[in-house]
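Before any comments, here is the structure.
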Amino acid sequence: LTYLRDIIGVREIDYRAKTVTFAPPQDVKIESISMEVPLGNGEFLTAGWKKENGKIVEELKLPNSWRRKPTKAALSN
């Protein structure tokens with residue numbers, strides 16, 4: 001169990017490509033969580049989620065030079 005991957009949902013951080021793979025878990029028994037992750041050069045990402053009416057509401061804030069990489073599940077939809 002890793003906090004960043006299994007609880008927050010940050011699956012991968014690619015520092016060269018400046019991409020983040022983010023997929024919050026669906027089966028965690030907490031109601032909300034959020035954290036800042038240092039990326040270097042004074043930059044941070046903020047990742048987290050909260051449950052609203054039984055659904056996961058994502059939060060991912062990235063510096064302008066970074067982007068979110070789609071997950072395999074998102075690509076298959």
For this session: Could you pull out the closest heavy-atom pair between Pro25 and Trp49, with the gap in Å?
Result: CD-NE1, 3.8 Å
Problem set entry | Closest non-hydrogen atom pair between Val28 and Lys51, with its separation | O-NZ, 2.7 Å
Exercise. For Gln26, which residues count as a side-chain hydrogen bond (donor to acceptor under 3.5 Å, both in side chains) partner, sequence neighbours excluded?
Worked result: none
Exercise. Got a sec, which residues hit side-chain hydrogen bond (donor to acceptor under 3.5 Å, both in side chains) with Lys50, two or more places apart in sequence or on another chain?
Worked result: Glu52
Name every donor-acceptor pair, under 3.5 Å, that has one atom in a side chain of residues 54-62 and the other anywhere in the protein, sequence neighbours excluded.
residue	atom	partner	partner atom	Å
Glu58	OE1	Arg68	NH1	2.9
Glu58	OE1	Arg68	NH2	3.0
Glu59	OE1	Ser34	OG	3.4

Donor-acceptor contacts under 3.5 Å from residues 7-18 side chains, at least two apart:
residue	atom	partner	partner atom	Å
Arg11	NE	Ala23	O	3.2
Arg11	NH1	Arg5	O	2.6
Arg11	NH2	Ala23	O	2.6
Asp14	OD1	Arg16	N	3.0
Asp14	OD1	Ala17	N	2.9

Problem set entry | Audit row: Arg67, Val20, side chain to side chain contact (heavy atoms under 4.5 Å, CB included) steps and yes/no | CA-CA 6 Å; Arg67 65 181 177 83; Val20 174; over 6 Å; no
Exercise. Among all residues two or more places apart in sequence or in another chain, which pass the side-chain contact (heavy atoms from CB on, under 4.5 Å) test with Glu43?
Worked result: Leu39, Pro63, Ser65, Trp66
For this session: Tell me whether Met35 is reachable from Phe22 by hopping between hydrophobic residues (I, L, V, M, F, W, Y) whose side-chain heavy atoms are closer than 4.5 Å.
Result: yes
